[in-house]
Amino acid sequence: MSAQELEKTAQAMVAKGKGILAIDESFPTIKKRFDNITIESTEGNRRAYRDLLITNPGGAEYISGMILFDETMRQNTADGTPFPEALIKQGIMPGIKVDAGAKDLAGHSGEKITEGLDGLRDRLAEYRKLGAKFAKWRAVITIGDGIPGTGCIEANAHALARYAALCQEAGIVPMVEPEVLMDADNTIDRCYEVTEITLNTVFNQLYRQRVTIEHTILKTNMVISGKKCKTQAGIQEVADKTVRCLLRTVPAALPGIVFLSGGQSSQLATAHLNAMNKMHPHLPWPLSFSYGRALQDDCLKTWAGKSENLAAAQAALLHREKCNSLACLGEYTDKMEQAV
Ligand code: 5MM
């Protein structure tokens with residue numbers, strides 16, 4: 001892929017009113033999701049569920065790309081079409097998760113390092129043949145007593161930069177995902193502080209590893225109160241602090257920023273994105289979504305592993321996609337939820 005093609009792909013990922021659906025749950029994560037609806041995580045059930053997500057009629061109006069897991073990249077729709085091909089036919093770009101997961105970081109109690117650089121060049125070449133246009137790597141930064149430390153942030157930022165450089169070499173757009181977790185009892189200001197240091201470190205490392213910013217997408221957390229914090233910041237405060245943090249850390253040359261939902265409720269994730277775009281309409285980059293749970297939760301519950309629920313589950317997914325598409329334009333209102 002030429003530089004021009006990489007730029008075109010990156011821009012198409014964050015095209016006006018469009019976002020990314022993350023369906024790249026690894027085996028342990030999809031098992032957790034299926035446990036909630038008491039269905040077994042078999043190859044067949046995972047295929048059936050991903051088929052429903054991938055072939056949802058109308059999805060292409062709101063979704064520019066989907067992030068797949070290795071297994072999903074090699075599976076087919078019910079009529080035998082490979083999933084990547086089924087996406088391309090609808091005008092949706094296939095993406096692939098290429099990290100091998102977050103593991104304990106030696107010497108850093110309570111902190112994680114994402115692995116997966118070994119052999120990545122060869123894996124990227126294969127994924128490109130299978131149709132991948134972009135790839136994702138998630139680094140996990142945990143807030144706690146005395147953490148995160150500089151050692152953890154720097155190690156993760158370095159790995160993200162090495163992965164991103166390999167992606168661009170392979171003609172694949174890197175979606176760089178540093179996630180500051182929102183599970184602890186920290187305030188929104190602590191989240192701001194940690195997110196600011198993390199993003200500064202990540203962009204510094206991307207620069208050092210000669211990653212082209214114009215051919216990169218950032219997937220990041222919002223600046224938000226920890227789930228266990230007694231005082232929960234309101235929608236406006238989350239929107240303002242997130243935008244302020246991004247303005248101070250992210251180069252204007254970046255084609256776009258997409259958010260993860262990180263355990264927020266589906267509606268709150270939409271409301272936060274909407275507030276950012278409504279109150280801050282003239283930013284250097286589009287702000288969009290790349291949610292996993294906040295797009296899938298209602299759909300998964302509605303499906304419950306039963307084929308007779310397929311149409312209703314697809315409608316639930318389409319509704320969330322539409323709400324978030326409007327949130328990209330600052331045009332979402334909570335009245336849209338009542339209409340369902
Ligand atoms: C869909 O979940 C993704 C895969 O997670 P694991 O590697 O842990 O199985 C995950 O990377 C996801 O893409 C992001 O965390 C965003 O998802 P949420 O649910 O936070 O929006």
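If you're wondering where the values come from, they're calculated on a predicted model, not measured in any experiment. One-based numbering, in listed order, for ligands and for the atoms of each.
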| Pairing residues for R74 by the side chain to side chain donor-acceptor pair (under 3.5 Å) criterion, not counting sequence neighbours | D70, E126
All N/O donor-acceptor pairs, side-chain side in residues 92-100, below 3.5 Å, sequence neighbours left out:
| residue | atom | partner | partner atom | Å |
| --- | --- | --- | --- | --- |
| K97 | NZ | D24 | O | 2.9 |
| K97 | NZ | D24 | OD2 | 3.2 |
| D99 | OD1 | G101 | N | 3.0 |
| D99 | OD2 | R138 | N | 2.9 |

| query | Does N204 have any side chain to side chain donor-acceptor pair (under 3.5 Å) partners at least two apart in sequence or in another chain, and if so, which? | reply | R208
| More than 12 heavy atoms from other groups under 6.0 Å of CZ on F27 | yes
| task | Please list, by chain and number, the protein residues whose heavy atoms come under 4.0 Å of ligand 1. | result | A22, D24, E25, S26, T29, K97, K136, R138, E177, E179, K219, L260, S261, G262, Y291, G292, R293
| query | Under 3.5 Å, is there a donor-acceptor pair between the Q168 and T216 side chains? | reply | yes
| field | Flag for Q338-D334: side-chain donor and acceptor within less than 3.5 Å | value | no
